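No experiment lies behind these values; they were computed from the predicted model shown.
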Amino acid sequence: MRFRSVLQEFEAHFHPVEPGSNVRGKSEWKYYGDGTYRFKISLRDIPLPDNSEIDLWRDGHWMLRLPVKNNRAKVDLENDSGSGIPVIKAGQVLHVKYAETVLAEGRYNAE
């Protein structure tokens, strides 16, 4: 286990939007003192069959697509260039969508 200083961190907790949905989860974005960036999302209770795909939209802009397995979806990206890792800021809203249906949303707050 390595210890790094966190220079900047934003976190969002997801809550259901669609009636009857119970999607919950959390997202974290961190920038470390060693120049590393990390972006994580973990979602559970997604009411979709395995191999369905959900889309993540940040403030109206498509960000990425995740496969659903066992009613869950997750991503954990980390690198020292920031390449492929979305830039997150406080106040931004992330929507979890299936087709045009918003299943959940969360707002990023500074930690």
Side-chain angles (χ1 to χ4, degrees):
M1 182 154 111
R2 74 181 163 171
F3 293 95
R4 300 179 283 184
S5 62
V6 177
L7 300 180
Q8 197 170 28
E9 179 179 5
F10 300 107
E11 190 173 286
H13 292 270
F14 295 99
H15 60 275
V17 173
E18 181 69 19
S21 174
N22 196 31
V23 177
R24 302 270 184 215
K26 178 178 167 182
S27 176
E28 297 176 349
W29 181 93
K30 294 181 182 181
Y31 175 59
Y32 295 98
D34 66 359
T36 302
Y37 293 85
R38 188 169 192 185
F39 178 69
K40 292 175 27 174
I41 291 180
S42 179
L43 297 161
R44 65 186 184 281
D45 300 326
I46 302 169
L48 297 170
D50 284 358
N51 300 317
S52 297
E53 293 182 324
I54 56 173
D55 289 307
L56 303 177
W57 291 76
R58 181 192 60 223
D59 287 346
H61 299 280
W62 182 83
M63 219 168 57
L64 56 114
R65 179 168 286 156
L66 299 175
V68 174
K69 183 170 182 173
N70 297 324
N71 301 104
R72 297 176 179 266
K74 65 181 178 175
V75 67
D76 189 351
L77 305 171
E78 182 173 349
N79 65 45
D80 60 2
S81 69
S83 177
I85 296 180
V87 176
I88 300 294
K89 297 180 182 174
Q92 289 181 316
V93 176
L94 192 65
H95 289 101
V96 177
K97 287 183 159 185
Y98 178 69
E100 295 301 313
T101 302
V102 178
L103 300 173
E105 69 180 16
R107 181 177 302 275
Y108 285 98
N109 295 302
E111 291 293 306

Is it the case that the side chain of [X] and the backbone of [Y] share a donor-acceptor pair, with hydrogens and angles ignored and the cut-off at 3.5 Å?
{"X": "Asp80", "Y": "Gly35", "answer": "no"}
{"X": "His15", "Y": "Glu105", "answer": "yes"}
{"X": "Ser52", "Y": "Val68", "answer": "no"}

If you measure from [atom1] on [X] to [atom2] on [Y], what distance do you get to the nearest 0.5 Å?
{"X": "Arg72", "Y": "Arg24", "atom1": "CZ", "atom2": "CZ", "value": "13.5 Å"}
{"X": "Lys69", "Y": "Lys74", "atom1": "NZ", "atom2": "NZ", "value": "10.5 Å"}
{"X": "Tyr98", "Y": "Glu53", "atom1": "OH", "atom2": "CD", "value": "9.0 Å"}
{"X": "Ser21", "Y": "Phe14", "atom1": "OG", "atom2": "CZ", "value": "12.5 Å"}
{"X": "Lys30", "Y": "Phe10", "atom1": "NZ", "atom2": "CZ", "value": "13.0 Å"}
{"X": "Tyr108", "Y": "Glu9", "atom1": "OH", "atom2": "CD", "value": "11.5 Å"}

Verify the cluster assignment for [X] and [Y]: are they in a single hydrophobic cluster under the rule of side-chain heavy atoms below 4.5 Å apart?
{"X": "Ile46", "Y": "Met63", "value": "yes"}
{"X": "Leu56", "Y": "Val93", "value": "no"}
{"X": "Leu77", "Y": "Leu94", "value": "yes"}
{"X": "Val75", "Y": "Tyr31", "value": "yes"}

Quiz item: Can you list the residues that meet the side-chain hydrogen bond (donor to acceptor under 3.5 Å, both in side chains) rule with Asn51, with sequence neighbours excluded?
Solution: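 Partners of Asn51 by the side-chain hydrogen bond (donor to acceptor under 3.5 Å, both in side chains) criterion come out as none, since no residue qualifies.
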
Exercise. Report the residues that fulfil side-chain hydrogen bond (donor to acceptor under 3.5 Å, both in side chains) with Trp62, sequence neighbours left out, ordered by chain and then residue number.
Key: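 Applying side-chain hydrogen bond (donor to acceptor under 3.5 Å, both in side chains) to Trp62 gives Asp55.
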
Quiz prompt | Ile54: which of Thr101, Leu43, Leu64 passes side-chain contact (heavy atoms from CB on, under 4.5 Å) | solution =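 It is Leu43; the other options fail the test.
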
Self-check item: Passing candidate, side-chain contact (heavy atoms from CB on, under 4.5 Å) with Arg38, options Val6, Asn79, Asp76, Ile85
Solution: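 Among Val6, Asn79, Asp76, Ile85, the one that satisfies the side-chain contact (heavy atoms from CB on, under 4.5 Å) with Arg38 is Asp76.
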
Quiz item: With a 4.5 Å heavy-atom cut-off, do Leu103 and Val23 have their side chains touching?
Solution: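 SC-SC contact between Leu103 and Val23 confirmed.
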
Quiz item: Between Lys26 and Glu11, is any pair of side-chain heavy atoms under 4.5 Å apart?
Solution: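 Counting from C-beta outward, Lys26 and Glu11 do come under 4.5 Å.
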
Grab the two heavy atoms, one from [X] and one from [Y], that are nearest each other, plus how far apart they are.
{"X": "Gly106", "Y": "Ala12", "value": "C-CB, 4.0 Å"}
{"X": "Asn71", "Y": "Pro47", "value": "ND2-CA, 4.3 Å"}
{"X": "Ala110", "Y": "Ala90", "value": "N-CB, 4.2 Å"}

Self-check item: Close aromatic pair by centroid cut-off 6.0 Å: Phe39 and Trp29
Solution: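 Judged by ring-centre distance (under 6.0 Å), Phe39 and Trp29 do not meet the cut-off.
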
Self-check item: Cation over ring face, Arg4 and Tyr32, 6.0 Å, 45°
Solution: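 Relative to the ring axis of Tyr32, which defines the angle, Arg4 lies inside both limits.
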
Self-check item: Partner residues of Arg58 under the salt bridge (charged side-chain N to carboxylate O under 4.0 Å, His left out) criterion, sequence neighbours left out
Solution: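 Arg58: no salt bridge (charged side-chain N to carboxylate O under 4.0 Å, His left out) contacts found.
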
